[in-house]
Amino acid sequence: STATNYNPLATIDDSSCTYLSNDLFISEYSEGSSYNKYIEIYNGSGVTVDLSTYAIWKITNGGSWPEHIFSLSGSLADGEVYVMAHSSADTSILILADTASSSQVFNFNGDDAVGIAKNGMLIDLVGTDGPDPGSGWDVAGVSNATKDHTLVRKCSITQGDTNWIASAGVDSLTSQWIVYPQ
């Protein structure tokens with residue numbers, strides 16, 4: 001599938017991206033100071049999705065999937081995003097969140113991997129299992145980009161990817177992500 005309204009020269013997502021995908025995927029990841037963290041998932045499947053078959057997984061400081069699990073509920077309409085944040089995040093984040101929780105899943109740092117699973121199978125991720133990467137993972141040629149940055153999926157990406165090395169890319173051309181400041 002290809003995205004419609006896709007401008008390859010765009011540097012920000014002005015909500016004009018329309019992804020066509022076969023399942024949910026992480027469209028945005030933000031790791032800020034204190035509890036100012038959130039994960040956004042996107043549904044471009046063409047149908048409303050029952051979220052009860054999905055969960056957000058997290059690994060703290062290296063390890064194996066899943067160390068922490070946050071089960072989702074409700075539904076997500078086609079073309080919509082679902083934002084999950086820590087309940088102690090800044091009001092500017094909380095007013096946009098669909099779910100706010102003090103769950104360990106939403107208390108992540110740059111060296112903590114997060115992913116979305118469907119029926120117990122990982123379908124997309126930021127970071128990976130295995131050894132602690134130190135401060136964070138490199139993304140699009142930016143060192144430690146998963147720490148104190150916001151990652152936004154490029155409009156050209158239409159599905160999740162469980163190969164973090166390929167997803168992160170070695171530079172801005174090979175990465176599935178655009179890296180923004182904290």
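What you see is a predicted model, and the numbers here were worked out from it, not measured in a lab.
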Closest heavy-atom pair and its distance - Ser175, Ser167: OG-O, 3.5 Å

Any donor-acceptor N/O pair, Asn163 side chain to Ala166 backbone, under 3.5 Å: yes

Parallel, tilted or perpendicular, as decided by the 30° and 60° cut-offs, for the rings of Trp57 and Trp65: tilted

Euclidean distance, Thr158 OG1 relative to Gln176 CD, rounded to 0.5 Å: 9.0 Å

Common cluster, Ile116/Ile69, ILVMFWY with side-chain heavy-atom separation under 4.5 Å: yes

Residues forming a side-chain contact (heavy atoms from CB on, under 4.5 Å) with Asp111, sequence neighbours excluded: Asn61, Asn109, Asp132, Pro133

Contact check, side chains of Val139 and Trp164, non-hydrogen atoms, under 4.5 Å: yes

Shared hydrophobic cluster, Val179 / Tyr29 (ILVMFWY, side-chain heavy atoms < 4.5 Å): yes

Gap between atom OH of Tyr38 and atom CZ of Phe108 - 0.5 Å precision: 9.5 Å

Any Phe25 side-chain heavy atom under 4.5 Å of Asp161 side chain: no

With Tyr82, the side-chain contact (heavy atoms from CB on, under 4.5 Å) member among Ile39, Asn43, Leu76: Leu76

Residues Met84, Ile41; criterion side chain to side chain contact (heavy atoms under 4.5 Å, CB included); working and verdict: CA-CA 8 Å; Met84 298 151 285; Ile41 57 176; 4.0 Å; yes

Thr128 side chain reached by Trp137 side chain, heavy atoms, under 4.5 Å: yes

Donor-acceptor pair between Asp124 and Tyr42 side chains, under 3.5 angstrom: no

Check: Asp98 and Val83 side chains under 4.5 Å, non-hydrogen atoms: yes

Distance (rounded to the nearest 0.5 Å) between Ile26 CD1 and Leu151 CG: 10.0 Å

Test log, rule side chain to side chain contact (heavy atoms under 4.5 Å, CB included), inputs His86 and Ser102: CA-CA 5 Å; His86 193 281; Ser102 61; 4.2 Å; yes

Sub-4.5 Å side-chain heavy-atom contact between His68 and Thr60: yes

Contact summary for Asn107 and Lys58, nearest pair of heavy atoms: O-NZ, 3.0 Å

Residues which pass ring-ring contact (aromatic ring centres under 6.0 Å, His included) with Phe70, listed by chain and number, not counting sequence neighbours: Phe106

Any Arg153 side-chain heavy atom under 4.5 Å of Trp177 side chain: yes

Gap between atom CG of Leu51 and atom CD1 of Ile56 - 0.5 Å precision: 9.0 Å

Flag side-chain contact, heavy atom, 4.5 Å: Glu31 against Asp148: yes

Working for side chain to side chain contact (heavy atoms under 4.5 Å, CB included), residues Ile123 and Tyr54: CA-CA 10 Å; Ile123 60 172; Tyr54 295 87; 3.8 Å; yes

For the student: nearest non-hydrogen atoms of Ser75 and Thr48, plus distance: CB-CG2, 3.8 Å

Path from Leu94 to Val105 over hydrophobic side-chain contacts below 4.5 Å: no

Closest non-hydrogen atom pair between Ser27 and Glu40, with its separation: OG-OE2, 2.6 Å

Sub-4.5 Å side-chain heavy-atom contact between Ser143 and Asp138: yes

Distance-minimising heavy-atom pair for Ser30 and Thr150: OG-OG1, 2.8 Å

Shortest non-hydrogen contact between Ala113 and Gly127, atoms and distance: CB-C, 3.9 Å

Test: Asp112 and Lys37 ion pair at under 4.0 Å: no

